[in-house]
Amino acid sequence: MAPVAKPLTIVVDFSSPNVAKPMHVGHIRSTVIGDALARILRFRGHTVITDNHLGDWGTQFGMILWGWKHCRDDAAFAADPTAELGRLYRLVRKVADAKPEELAADPEAAALAAKYPGAGREVLAETAKLHEGDPENRALWEQFMPVCRAEIDRLYARLHVSFDHWLGESFFQPLLAPTVDDLVGRGIAKESRGAIGVFLGGEDAPPLLIRKADGAFLYATTDLATIRWRLEHWRPDRILYVVDHRQSGHFEQVFATARLSGLPGIEGVELVHVGFGTVLGEDGRPFKTRAGDTVGLEALLDEGVERAAKVVAEAGRGEMDEATRRQVAETVGIGAIKYADLSQNRTTDYVFSFDKMLQLTGNTAAYMQYAVARVEGICAKGSVDRSALRTARPVLLAAPQERALALGLVRFAEVLEDVEGDNRPNLLTAWLYDLAGRYSTFYDALPVLKAEGDTCASRLALCDLTGRVLRQGLDLLGIGTVERM
RNA sequence: GCCCCCGUAGCUCAGUGGAUAGAGCGACGGUUUCCUAAACCGUAGGUCGCAGGUUCGAUCCCUGCCGGGGGUACCA
């Protein structure tokens with residue numbers, strides 16, 4: 001496939017979880033969509049730089065620091081540091097928010113809230129101290145970070161997602177004050193009610209705040225500093241932000257401010273908020289379990305693999321050894337979860353269904369993986385020399401099923417172009433499903449190995465090509481394939 | 001109040017300025033002496049929220065309305 005005529009340098013900013021908060025199903029969208037877009041853009045010939053803009057410097061650390069100082073459990077931290085930090089985060093968030101209905105449901109949080117009525121303010125103060133370089137908070141932060149990283153690294157490894165860079169919020173911390181000073185100095189930002197903001201829509205419209213009254217910096221400050229840094233160091237033509245669509249207003253303001261500030265190199269850069277819909281629960285509200293906690297990402301992956309393992313066992317592939325079965329279950333289980341998200345239109349919210357996400361029949365990754373395995377089966381059974389199939393020779397398209405398959409195959413490049421145009425991986429999943437369907441129809445209707453001479457060779461070539469295209473397409477979605485399943 | 005998104009089959013969702021609007025699940029009925037039935041073939045089921053407008057043609061574009069969701073100065 002020919003690469004794009006004019007390769008661009010494209011930064012893809014995705015996943016970006018807040019560390020120290022447990023990762024849940026809501027985090028999967030940015031991670032999976034961003035990874036797929038990065039793979040597709042790279043495959044098309046662009047220079048892609050992926051960056052995980054980790055939320056490692058925000059208010060959640062204020063909560064954990066406060067919790068550490070007021071209600072930590074040393075034994076629990078020693079046994080499972082991740083779990084203890086997660087517990088502190090969830091507990092202190094309730095204490096700091098002090099919402100009556102939440103406190104009513106959690107006696108421990110209620111007791112702490114009663115004991116420390118100023119907790120909300122103190123949490124912010126802890127965050128501010130961290131930002132100001134307080135040695136104690138800084139030391140604790142350095143102690144917490146490896147714990148947090150180990151947790152998310154494990155998930156990325158299972159998802160086969162990797163990044164070129166991990167420039168989190170903390171990395172940009174030294175650039176925040178200069179960014180604010182610069183904007184103020186050039187009259188773009190100004191003081192208002194003790195805070196500093198950029199008034200894009202006049203005095204009446206809410207400004208983009210870049211410094212709080214207490215001196216702490218905000219999300220917007222980091223984003224502006226990050227744009228400046230990326231322009232300087234990477235000179236990109238395009239930056240994609242794969243972030244929940246609820247932040248569209250924020251990005252509008254940030255992008256407008258970046259352009260207003262006339263950063264070197266900003267003119268030619270496309271800044272794109274690749275927004276995606278929220279994952280909802282059965283009740284149509286942002287996803288929560290009945291207990292009030294979201295489903296953990298790791299538990300979801302485990303369940304997906306377990307269900308795949310069950311299907312593998314039932315399929316009765318007697319000749320498959322145990323290690324292979326596990327490998328197949330992992331590839332199919334994880335693939336199902338990724339595909340469930342990727343096949344959704346990125347922009348719309350969707351109702352999360354455990355069963356739907358883990359489904360292995362119908363329009364799922366397993367359907368394509370199965371088609372690939374069937375191709376492999378034919379080639380193995382016929383001891384086919386696949387490279388010999390690829391030398392130029394006419395492919396005969398006598399039967400309608402052969403023609404339909406061939407017509408599907410030739411659209412690959414066009415589909416990838418469309419994906420880039422709209423940053424929508426679901427266009428690729430839809431085409432792959434259609435293609436695999438054409439192959440299934442072909443497979444059922446026409447013999448391959450038992451066909452005569454030229455017809456056999458021609459059909460083998462179709463099988464080989466379809467298998468390779470499906471495998472490539474799935475790979476561009478970050479989904480693996482197996483020889484047998 | 002203002003801004004943004006959504007409303008398509010029983011459910012969950014695709015899709016398009018042009019032909020009989022699609023899939024999965026669910027329902028019903030078929031297919032395995034034949035290369036993997038995680039598959040294939042078929043049936044039933046939709047006035048594409050409502051009303052106007054633009055157009056030769058609208059489910060798609062525009063306006064209004066109804067319904068749902070989100071955002072809206074010191075969270076990220």
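A, B, ... follow the sequence lines: proteins, then strands. Residue 1 opens every chain.
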Rounded off to whole Å, could you give me the CG-to-C1' distance for the A:Leu427 and B:U16 pair?
12 Å
For RNA chain B, what dot-bracket results from Watson-Crick or G-U pairs at under 3.5 Å, with [ ] for crossers and | for inter-strand partners?
(((((((..((((....[...)))).(((((.......))))).....(((((..]....))))))))))))....
Restricting both atoms to N or O, compile the protein contacts to nucleotides 4-11 of chain B shorter than 3.5 Å, with distance only.
none

Can you tabulate the close N/O pairs, meaning under 3.5 Å, that link protein atoms to atoms of nucleotides 17-27 of chain B?
from	atom 1	to	atom 2	distance (Å)
B:G24	O2'	A:Gln359	NE2	3.0

Got A:Phe276 and A:Tyr350 here, is their nearest side-chain heavy-atom distance under 4.5 Å?
no
Between A:Glu126 and A:Lys69 (salt bridge meaning N to carboxylate O under 4.0 Å), is one present in this structure?
yes
Ignoring backbone atoms, establish whether A:Asn426 has a side-chain N or O less than 4.0 Å from OP1 or OP2 of B:G15.
yes
Looking only at side-chain atoms of A:Gln247, point me to the closest of B:A76, B:A37, B:G15.
B:A76
Rounding to the closest angstrom, what is the interatomic distance between B:A27 and B:G45 at atom C1'?
10 Å
From the candidates B:C75, B:A39, B:A38, the one with an atom nearest any side-chain atom of A:Ser440 is B:A39
Which nucleotide in the list B:A38, B:C35, B:A76 gets nearest to the side chain of A:Glu169?
B:A76
Would you indicate which nucleotide in B:C40, B:C35, B:A38 comes nearest to any side-chain atom of A:Tyr367?
B:C40
Under 4.0 Å between a side-chain N/O of A:Arg246 and OP1 or OP2 of B:U72, yes or no?
no
If we take the C1' atom in both B:C25 and B:A38, what is their distance in whole Å?
15 Å
If you look only at distance, which donor and acceptor atoms sit under 3.5 Å apart when one is on a side chain in residues 453-462 of chain A and the other is two or more places apart or in another chain?
from	atom 1	to	atom 2	distance (Å)
A:Ser458	OG	A:Leu396	N	2.8
A:Ser458	OG	A:Leu396	O	3.2
A:Arg459	NE	A:Glu402	OE2	3.0
A:Arg459	NH1	A:Pro447	O	2.8

Residues in side-chain contact (heavy atoms from CB on, under 4.5 Å) contact with A:Ile188, at least two apart in sequence or another chain:
A:Leu183, A:Arg186, A:Val198, A:Leu260, A:Ser261
side-chain contact (heavy atoms from CB on, under 4.5 Å) with A:Tyr370: which residues, sequence neighbours excluded?
A:Arg317, A:Arg374, A:Met485
In whole Å, what is the span from the CD atom of A:Glu314 to the C1' atom of B:A37?
13 Å
Distance in angstrom units between A:Ile210 CD1 and B:A76 P, rounded:
14 Å
Salt bridge check: are A:Glu132 and A:Lys129 linked by an N-O gap of less than 4.0 Å?
no
By side-chain contact (heavy atoms from CB on, under 4.5 Å) - contacts of A:Leu427 (at least two apart)
A:Asp418, A:Val419, A:Arg424
Applied to residues 349-373 of chain A, the salt bridge (charged side-chain N to carboxylate O under 4.0 Å, His left out) test, sequence neighbours excluded, yields A:Arg307-A:Asp355
Results of side-chain contact (heavy atoms from CB on, under 4.5 Å) for A:Leu301 - residues two or more places apart only:
A:Leu155, A:Arg158, A:Leu159, A:Ile334, A:Ile337
Between CG of A:Asp341 and C1' of B:C13 the distance, given in whole Å, is 13 Å
Using the C1' atom in both, what is the distance from B:C60 to B:U16, to the nearest Å?
6 Å
Nearest-angstrom distance, C1' atom, B:A14 to B:A23:
7 Å
Taking only side-chain N and O atoms of A:Asn345, does any of them lie within less than 4.0 angstrom of OP1 or OP2 on B:G15?
yes
Of the listed nucleotides B:A38, B:A76, B:A73, the one nearest the side chain of A:Pro207
B:A73
Got a sec, which residues hit side chain to side chain donor-acceptor pair (under 3.5 Å) with A:Gln247, two or more places apart in sequence or on another chain?
A:Tyr219
Between the base of B:A14 and the side chain of A:Ser343, is there a donor and acceptor pair under 3.5 angstrom?
no
Residue A:Arg424, side-chain atoms from C-beta onward, closest of B:G15, B:C40, B:C35
B:G15
Sticking with atom C1', work out how far B:A9 lies from B:A44, rounded to a whole angstrom.
11 Å
The nucleotide from B:C35, B:A39, B:A73 with an atom nearest the side chain of A:Tyr443 is B:C35
What is the ring orientation for A:Trp166 with A:Phe163, classed by angle as parallel under 30°, tilted 30 to 60°, or perpendicular over 60°?
perpendicular
Report yes if at least one side-chain N or O of A:Tyr219 is closer than 4.0 Å to OP1 or OP2 of B:A76; otherwise report no.
no
Side chain to side chain donor-acceptor pair (under 3.5 Å) involving A:Arg228 - partner list, sequence neighbours excluded
A:Asp182
Quote, to the nearest angstrom, the C1' distance that separates B:G17 from B:C13.
23 Å
Pairwise C1' distance for B:U59 and B:G71, with rounding to whole Å:
28 Å
With A:Lys310, which residues qualify under salt bridge (Lys or Arg N to Asp or Glu O under 4.0 Å), at least two apart?
none
Mind checking the C1' distance from B:U8 to B:C48? Whole angstroms is fine.
4 Å
With nearest nucleotide decided by heavy atoms, which residue, A:Gln344 or A:Val482, maps closer to the 5′ end of RNA chain B?
A:Gln344
